[in-house]
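As a basis for the values below, the full set of heavy atoms in this structure was taken, side chains included, without hydrogen atoms, waters or symmetry mates. We name chains A, B, ... by the order of the sequence lines, and we start the count at 1 in each one.
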Amino acid sequence: MKISINRLKKYTKIPKDKKELGILLDKFAIQSVDIDNIIHYGKNLSDIYIGKITKIEKHPNADKLQIVNVTIKEKSLVIVTGASNIYIGMICPVILDEGILPNGTKIKSSELRGVMSNGMLCSEKELELSDDHEGIMDLGDEYKDRIGEKLSKYISDTIIDIDNKVISNRTDLFSHIGIAREFAAIQKEDFKNISLNPIKNPIEDNIQITLDDEFCTRYIAIIIKDIKIGKSPVWLKEELRKIGIKSINNIVDITNYVMTEIGQPLHAFDLDKISDGKNPHIIVRKAKNGEIIKTLDSKERKLNENNYLIANEEKGLGIAGVMGGEDSEIDNNTKSILLESAIFNPILIRKSSKQVNLRTEASLRYEKGIPEHFALQGILLAIDMIQNLNYGKIDSNITDIQRASNTNIKISLSEERIYKILGIKISTENIIDILKRLDFKVSSENNLLQIDIPPQRKDIKEDVDIIEEIGRIYGYDKIPEENPIYESSKIKRNIIYDTELEIKKILVSQSSYEIKTYSFISKDLARKSNIDITNAIKIINPLSEDFTHLRETLVPSMLNTVALNTKNSDNFSLFEIANVYLRSEEELPKEDLFLCVSKYSKNKKNDTFFEIKGIFTNLCEYLNINESITFKKGTSKKYGVQKQSAEIIINDNKIGDIINIHPEVKENFNINGNLSILLININEIIPYISDKFIYIKYSKYPEIVEDINITYNKNLVLDDILVHIKDPALKSFNIIDIYEGKPLKEDQISITIKLIFQNFEGTFKSEEIKNKISSIKNTLKNEFKNIDFR
Amino acid sequence: MYDINDLIDKIELIRKDSLKKIQTSDNIETLKKIYNSVFGKDKELSLLLSEIRNYNIQDKKTLGEFSNKVKKEITDKLFEKETLLKKELVNKELLKTIDVTMPGISNNIGSIHPISQMIDKIVKTFEYFGFSVASGPEIETDWFCFQSLNLDINHPARDMQDTFYIKENHILPRTHTSSVQIRTMLSEKPPIRIIAPGRVYRNENQDQRHTFMFYQFEGLVIDKTTNIKDLKNILTTSLKNIFNNEKIELRLRHSFFPYTEPSFEIDATCLLCNGVGCRVCSNKGWIELMGAGMIHPQVLRNVNIDPQEYQGFAFGGGPERLVMVKNMIDDTRLFYENDLRFLSQFKKI
């Protein structure tokens, strides 16, 4: 919403000095409403003069151009223009040769098809006064004594643009009066309220009104006759243009002006179109299902029971609080109007405007809940303006139907409570002064304040609301900065957060990069990943086809990210820790925290399966998981290769998988090379993570290290062999070499195992070790046929 | 038994032979072999010396003195030569030149995602003040996400245009982490101090400043006395720490949130221009960092906490925004594209 600072001057003092005004606007943005944008309206107009068109001729060499004589003081210029809205006597802005437009363009005299043009007539857009580029700006008769003067003398204002969202609870601020009161309060200046005269010489009631009580709580109407529809005075057009509202005609402009001044939307109906000469009967009612109305924007709107109409006995005249109907619109032939000023239920307005997908300046204000008394103020100001400008004659009393009882809210508030929330002491006088400036009525006794809430402050409901008013106007910047004194209370670790971070650190130390991908996936991404998402939870209003389902696994997004990075890297590892979402019997889906690690190598010689298994081994070691971990060949995942995948099992619990990605899936993602993935359910491994290290003594005698080499047929599984390597003195053993290829047979593999013996009693004799080794070898020989030693 | 002179001659022969070998040896290994061949248990000299015990006292004495001299001479020479050879080795070593500008040999190290880094920085900072990490489900009911927070049925935030739904008007991916406040207040008794980072979702079109999924962190303090002064001081101290900049100033700008009263936006002096005004802060000198406020009494009543007895504040912000401000990143979508050319610029563990 745009606010003209000049327009506030009627109500409170506004500094003339630009710097002072800047400081005030800063304060306003901090203490009252944030300003999105400050517009210096009419800035850079120093080269624009007010001129009058004295002669118009057709251009001899161009159909679309005209030659215009313009008077500026005593001077007369010849200008060639393409505009079509010009007429003799028109007063308009002119820029001369060498003059500079607000956008920085320099105007030069030039020859247009054989005729010299010595300047330019300007449109509103060229002067950056509005977006209107339809024709030359018509300054109107009010400027007739200003010909030859600079336009900047008359057009200059500061416009502030504020975000409606910030004031969504402050309906009183959707108006210049409301904003002016804030300016007065923050600079401790007087506020002069608008004074409106009640109608004199009331004439008999001649409007009948029937209301839907739930929807409409106040309806005020008046009939004005002898209406003279025409152009608005220049000042009014100017006031509207400054805040971005287009001038329509004098009556509509007045209703718009009142709306932006008071905050009350008004609507003018053509009386003859709604009542056929009889006394009008206004009915505010629910629309019928399927009822159709053509609104002012010439669009047919299909209504249902969420909509409310202003109607007569025959038909709808407008969508209440949203937009008037075209059939009852005022036009150049309008003789009489019925002027409406009403209060509607904000929630129902919202539904209605949503239903027809139409948000207007009126519905925007109605949605927030307009205070009841604005309706009367609004219509009185409009009547005042219509009469003063001589646009019509009052022909009825004000008919005012009110359904809501005026409840005066009172709140009592102790100074102790103010201190308790703000943390600082503010004197009683100061508190009372602040509140009075904001239109609260305050009495104080024994540090207890009794506060009457003004009717426009519908946002004030409890004591903290008042404390906020005191706090912001007093200034939060006055709260002293100190180092916080906070005694530490209980320390509570979050095991999941801590584990996640620990896992991240371990993986990063192994060249893996953390990624973060969206929790929603598409059918297509799932299909490419060989993942069935028929059971996945759907978003009922997805943003696009790319994000339609809650993911049940991190794998598709991981594949996507790997594919992206293969373009620039040949060898890398990525990981993500995030929730997956599974359908559940409970009210909410089951959320399970997963780790997904990928290892990609373009070079197929790198065995990514074992690289990732190595990452997993280190992960377990550094998480201090002491349980024995087994790997079971196979996978249920369709995106994995059966014979090159394993389930990871701790104590009979499956905690994850290591999977070589299926060649077809790789093909789908255009990934060339080896790609393996590790998946771990973090909640499943947390119970096995220990923060304790159990110290085990080692012998002071030297350890004996012996290597043995075993060659075996590949149909054996290494783990099955290793379980038979046992000896009481065997401290540990490691696989130190794996060999395949010549001179071995194709189905053979050879491994070298380093055995480490230790003895607590003394040093082993070589004989003893020899015996131990041959005993191990014998055991293996007895167990397996196809096994050889070297 | 040898004649004493024969024995002396034999020893003398070994001596000469050894000294000659020592003289000509050119590495430490050979010296060790020489030592072993002379002093080894079943070696020549040892065998000869074992004969000494068969002589008379006088001869024993003579032979003893003689053999000791020989032994000492050989070991001395060995030691001398060894020292010399070692010295030569060291000198040789010292002559080797390396190009110190050649690259170091290292394992590649990955990186924690910049958002996670920022979240952890935030968490660690608030842990100093006794906050602990809290969490709640990402998929929430409308009561936890909206109603309990004073956003009633008709609040615009609940529109399908702003919020994704799983079940219309009922189950939704949370639009903010404020739902964790509610869950915590229902499950724990005051005093409460939590910090809750997590994913949130909004039905918004993607552009340079918006992604439909992003992160938030939510802070909550509930006790009997915590007030706006505490809020201001804790947030100031924390943000100074998070940005590692003591000069940062904070201001509370009046704002409106249904779940706090009073409500503020927290602005900080622009990190780029230190408050002078620049492109990043739109010449304001201030940048908006988070929202905050005192918990609305109605929210406390909604979770059965008496607002006359307990009070406190909440704050919330987006770690993306903080990372962007800190590192001059201009497009929030980069965080979710996960291009290694982006991620590898934020190496930190």
Quick check on [X] against chain A: is it the side chain, the backbone, both or neither that has a heavy atom closer than 4.5 Å?
X: B:P173; answer: side chain
X: B:T236; answer: side chain
X: B:S282; answer: neither
X: B:Q117; answer: neither
X: B:K224; answer: backbone
X: B:Q311; answer: side chain
X: B:E140; answer: both

Part of [X] within contact of chain B (heavy atom distance under 4.5 Å):
X: A:D459; result: neither
X: A:I496; result: neither
X: A:N169; result: both
X: A:I35; result: backbone
X: A:E500; result: neither
X: A:E462; result: side chain
X: A:L574; result: side chain
X: A:E591; result: side chain
X: A:Y497; result: side chain
X: A:T561; result: side chain
X: A:S32; result: backbone
X: A:K538; result: backbone
X: A:D465; result: both
X: A:Y581; result: side chain

(request) Check A:Y518 against B:R199 and note the closest heavy-atom contact, atom names and distance. (result) C-NH1, 4.2 Å
(message) Looking at every non-hydrogen atom in both residues, tell me the closest pair between A:N494 and B:V133 and how far apart they are.
(response) ND2-O, 2.9 Å
Chain A: which of [options] shares the most heavy-atom pairs with it under 4.5 Å?
options: B:T237, B:N107, B:L231, B:D267; result: B:T237
options: B:V123, B:I194, B:L250, B:I119; result: B:V123
options: B:L340, B:I109, B:L343, B:I171; result: B:L340
options: B:Y215, B:F335, B:W286, B:F257; result: B:Y215
options: B:E337, B:M294, B:E138, B:R251; result: B:E138

(message) Can you tell whether the side chains of B:E127 and A:R493 come within less than 4.0 Å, N to carboxylate O?
(response) yes
(request) May I ask you to say whether A:K516 pairs ionically with B:E320, meaning some side-chain N is under 4.0 Å from a carboxylate O? (result)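 Salt bridge flag = no for B:E320 with A:K516.
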Surrounding [atom1] of [X] (heavy atoms of other residues, nucleotides or ligands, distance under 6.0 Å), is the total greater than 12?
X: B:K348; atom1: NZ; result: no
X: B:K189; atom1: NZ; result: no
X: B:F342; atom1: CZ; result: yes
X: A:E586; atom1: CD; result: no
X: B:D306; atom1: CG; result: yes

Spacing of [atom1] belonging to [X] relative to [atom2] belonging to [Y], to within rounding of 0.5 Å:
X: A:Q31; Y: B:H254; atom1: CD; atom2: NE2; result: 10.0 Å
X: B:F212; Y: A:I539; atom1: CZ; atom2: CD1; result: 8.0 Å
X: B:R341; Y: A:S569; atom1: CZ; atom2: OG; result: 8.5 Å
X: B:L252; Y: A:I479; atom1: CG; atom2: CD1; result: 6.5 Å
X: A:I424; Y: B:K232; atom1: CD1; atom2: NZ; result: 8.5 Å
X: A:L582; Y: B:I139; atom1: CG; atom2: CD1; result: 11.0 Å

Tell me, do [X] and [Y] make a side-chain contact under 4.5 Å, heavy atoms counted?
X: B:H170; Y: A:E587; answer: yes
X: B:P262; Y: A:R472; answer: no
X: A:Y476; Y: B:I228; answer: yes
X: B:F164; Y: A:N541; answer: yes
X: B:Y336; Y: A:I515; answer: no
X: B:K167; Y: A:I540; answer: no
X: B:Q308; Y: A:D463; answer: yes

(message) One pair to check against side-chain hydrogen bond (donor to acceptor under 3.5 Å, both in side chains): B:K229 and A:Y419. What are the steps and the verdict?
(response) CA-CA 10 Å; B:K229 190 165 111 180; A:Y419 172 67; over 6 Å; no
Quick check on the interface: out of [options], who has the most heavy-atom pairs with chain B under 4.5 Å?
options: A:E469, A:E481, A:K351; answer: A:E481
options: A:V464, A:L501, A:V166; answer: A:V464
options: A:P589, A:S512, A:A578; answer: A:S512

(request) Could you give me the CA-CA distance, side-chain angles and deciding distance for A:E514 and B:S111, then say whether side-chain hydrogen bond (donor to acceptor under 3.5 Å, both in side chains) is met? (result) CA-CA 6 Å; A:E514 189 194 3; B:S111 186; over 6 Å; no
(request) Evaluate the salt bridge (Lys or Arg N to Asp or Glu O under 4.0 Å) criterion for residues B:E261 and A:K461: first the C-alpha distance (whole Å), next the side-chain angles of each, then the deciding distance (0.1 Å), finally the verdict. (result) CA-CA 11 Å; B:E261 189 76 23; A:K461 293 181 184 111; over 6 Å; no
(request) Kindly indicate, with the supporting measurements, whether the criterion side-chain hydrogen bond (donor to acceptor under 3.5 Å, both in side chains) is fulfilled by B:T225 and A:K420. (result) CA-CA 7 Å; B:T225 59; A:K420 221 187 142 194; over 6 Å; no
(message) Could you check whether any side-chain N or O of B:N227 sits under 3.5 Å from a backbone N or O of A:I418, counting only pairs where one atom can act as donor and the other as acceptor?
(response) no
(request) Verify the ring-centre separation between B:Y201 and A:F520: is it less than 6.0 angstrom? (result)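 Here the rings of B:Y201 and A:F520 have centres that are less than 6.0 Å from each other.
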